[in-house]
Participant: 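Dropping a structure here in structure tokens format, bear with me for questions.
Predicted model only: the values in this text are computed from it and were never measured.
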Amino acid sequence: MSRSMPVILLICALLMPGVTCPAQTFDDMVTGTIRDKLGETPVPIELHMDGCRVSSLSVMPELYARRDYRPIWVDEGTIEHLCFAIEETYHEGLDPDDYHLGDIRRLQGLAHRESAPDPRLAAYLDMLLTDAFVRLIYHSFCGKEDPFAHHPQWNLARKIDDTEPVVFIENAIASSSIAETISAVKIRHPYYESLKKALAEYRALRASGGWETVPEGQPLKKGMIDPRVASVRRRLVMTERLPDAAVDPMTFDGALEQAVIGFQRRHGLKPDGVVGKGTLLALNVPVGDRIDQIRVNLERARWMLHDLEERFVLVDIAGFRVFYSRDSKVIWSSRAQVGQPYRDTPVFRSS
């Protein structure tokens with residue numbers, strides 16, 4: 001009986017109010033670190049944590065203050081859903097490391113080591129996850145770049161929601177599914193999906209070695225026999241769905257002419273079926289440059305396509321074309337006259 005008493009007393013002592021368990025101490029230290037970093041007045045212009053720069057300082061200090069600086073990302077499943085959404089940005093032409101993916105993975109391993117968990121690194125991880133989430137929401141809805149910085153005429157100012165940014169982010173984080181919240185602000189327009197598909201295809205082409213350079217020489221057209229024709233054919237097999245089989249690869253036949261015309265139309269060139277100087281230059285643009293073009297246009301799509309109506313007119317200034325689209329299909333198209341460098345065609349959106 002006497003041997004058991006100290007054990008019973010010890011158990012009772014652990015259950016008494018006011019005794020702090022190690023988990024509570026760790027959480028309090030995480031909260032304290034977040035408060036030390038974000039509770040300053042005025043808010044710091046820049047904030048670096050373990051070599052990582054946090055950019056959403058217009059939102060984060062108030063967001064954490066509203067919850068008394070307690071950590072936000074306490075559920076491992078939610079963190080993994082956010083990391084998966086960050087990984088998916090690669091398929092939309094964005095860079096996952098802009099959302100701290102590498103640093104998040106690194107800090108995950110360091111902050112919660114079983115041997116010696118580090119509350120300071122856990123606090124940094126929580127703030128990086130919040131910064132990544134804020135960036136991802138904003139970039140998905142408004143674009144990564146500021147369109148006004150590229151074209152001062154562009155009238156594309158956007159707001160994510162009618163609520164205050166801090167309230168919107170707070171509600172988004174508190175939602176039942178982070179994945180659904182992020183998905184809800186992404187574009188679902190068919191044009192955007194087509195660009196994503198093209199990006200994947202061209203990245204696959206780059207991974208397989210890209211395409212060869214077509215040698216310079218005289219213009220090539222239907223009926224000609226020339227070793228360079230075989231090079232043009234191999235080039236267009238890769239992007240114009242031209243059948244690889246040909247009776248004589250060096251003969252410029254009708255199928256090759258149609259493939260050239262399709263290529264010319266897609267690149268805003270005169271669709272005459274002749275591989276002249278302009279068409280040759282376009283054929284020889286490296287696949288990496290084409291990938292960059294697709295990524296730029298994905299960014300432009302994030303600026304413009306979120307609340308586009310079913311019927312709209314689009315002027316392609318670079319391609320000298322105008323399109324009328326209805327129900328996600330182009331039902332009319334024509335050539336367009338555009339301005340000169342000294343008299344730019346205005347870039348805008350209007351009803």
Side-chain angles (χ1 to χ4, degrees), residues 56 59 77-78 80-96 98-99 101 132-148 150-151 154-163 165 167-204 266 290-316 318-319 321-333 347-351:
S56 53
V59 175
T78 302
E80 286 308 308
H81 286 153
L82 176 58
C83 288
F84 177 76
I86 293 173
E87 290 170 353
E88 287 294 293
T89 62
Y90 177 77
H91 304 299
E92 301 185 52
L94 295 167
D95 184 352
D98 284 341
Y99 311 98
L101 183 60
F133 181 73
V134 173
R135 285 189 188 188
L136 183 54
I137 290 288
Y138 186 82
H139 291 173
S140 297
F141 197 80
C142 301
K144 178 180 175 180
E145 293 284 324
D146 180 3
F148 187 80
H150 297 277
H151 296 281
W154 281 33
N155 56 340
L156 298 174
R158 300 182 53 78
K159 289 180 65 177
I160 294 179
D161 194 82
D162 291 334
T163 58
V167 176
F168 177 86
I169 295 298
E170 189 176 45
N171 292 338
I173 290 175
S175 68
S176 58
S177 172
I178 287 291
E180 289 181 5
T181 299
I182 295 172
S183 178
V185 299
K186 288 182 178 290
I187 301 174
R188 289 292 178 264
H189 197 282
Y191 289 172
Y192 191 74
E193 296 302 320
S194 294
L195 283 170
K196 286 173 59 178
K197 181 180 178 182
L199 179 62
E201 291 173 351
Y202 275 70
R203 280 173 166 167
R266 287 200 305 110
R290 293 300 186 201
I291 289 172
D292 289 342
Q293 285 181 298
I294 296 171
R295 293 181 66 203
V296 166
N297 281 292
L298 280 163
E299 173 67 1
R300 288 172 174 164
R302 286 186 284 271
W303 297 345
M304 301 188 68
L305 295 183
H306 271 284
D307 52 0
L308 206 59
E309 297 181 3
E310 286 301 313
R311 295 187 299 165
F312 62 89
V313 173
L314 171 69
V315 179
D316 178 1
R321 303 289 300 182
V322 59
F323 303 91
Y324 174 50
S325 179
R326 185 172 64 198
D327 299 328
S328 303
K329 295 180 181 179
V330 174
I331 62 173
W332 175 83
S333 174
V347 184
F348 65 97
R349 173 176 169 161
S350 181
S351 296

Participant: With sequence neighbours left out, write down each residue that passes side chain to side chain contact (heavy atoms under 4.5 Å, CB included) with Gln293, or none if nothing qualifies.
Facilitator: Arg290
Participant: Mind checking whether Leu82 and Ile182 have side chains closer than 4.5 Å, heavy atoms only?
Facilitator: yes
Participant: By the definition side chain to side chain donor-acceptor pair (under 3.5 Å), identify the one residue from Lys186, Lys196, Arg302, His139 that meets it with Glu92.
Facilitator: Lys186
Participant: Does CZ in Phe84 sit with more than 12 non-hydrogen atoms of other residues, nucleotides or ligands closer than 6.0 Å?
Facilitator: no
Participant: Kindly indicate whether the side chain of Glu180, heavy atoms from C-beta on, has any atom under 4.5 Å from the side chain of Ser175.
Facilitator: no
Participant: If you count every heavy atom of other residues, nucleotides or ligands that lies below 6.0 Å from His81 atom NE2, does the total exceed 12?
Facilitator: no
Participant: Can you find a heavy atom in the side chain of Arg188 that is under 4.5 Å from one in the side chain of Ser183?
Facilitator: yes
Participant: Rounded to the nearest 0.5 Å, what separation is found between the CG atom of Leu195 and the CG atom of Leu298?
Facilitator: 4.5 Å
Participant: Roughly how far, to the nearest 0.5 Å, is the CZ atom of Phe133 from the OG1 atom of Thr181?
Facilitator: 5.5 Å
Participant: Return yes if some donor-acceptor pair links the side-chain N/O of Glu145 with the main-chain N/O of Glu299 below 3.5 Å, else return no.
Facilitator: no
Participant: For the OG atom of Ser194 and the NE2 atom of His189, what is their distance to the nearest 0.5 Å?
Facilitator: 9.5 Å
Participant: Mind checking the OH-CG spacing from Tyr99 to Leu94? Nearest 0.5 Å is all I need.
Facilitator: 4.0 Å
Participant: Mind checking whether Thr89 and Asp95 have side chains closer than 4.5 Å, heavy atoms only?
Facilitator: no
Participant: Minimum heavy-atom separation for Ala132 and Ile86, please, with both atom names.
Facilitator: CB-CD1, 4.0 Å
Participant: I'd like to check Trp332 versus Arg326 (side-chain heavy atoms, cut-off strictly below 4.5 Å). Are they in contact?
Facilitator: no
Participant: What is the minimum heavy-atom distance between Ala85 and Leu136, and which atoms define it?
Facilitator: CB-CD2, 4.0 Å
Participant: With rounding to the nearest 0.5 Å, note down the distance linking OH in Tyr191 to CG in Leu305.
Facilitator: 9.0 Å
Participant: Quick one: list whatever passes salt bridge (Lys or Arg N to Asp or Glu O under 4.0 Å) with Asp98, sequence neighbours left out.
Facilitator: Lys144
Participant: Apply side chain to side chain contact (heavy atoms under 4.5 Å, CB included) to residues Arg203 and Tyr90 and explain how you reach the verdict.
Facilitator: CA-CA 11 Å; Arg203 280 173 166 167; Tyr90 177 77; 3.2 Å; yes
Participant: So which heavy atom on Val313 is nearest to which on Tyr324, and how close?
Facilitator: CG2-CD1, 4.0 Å
Participant: Can you measure from CZ (Phe312) to CZ (Phe323) and round to the nearest 0.5 angstrom?
Facilitator: 10.0 Å
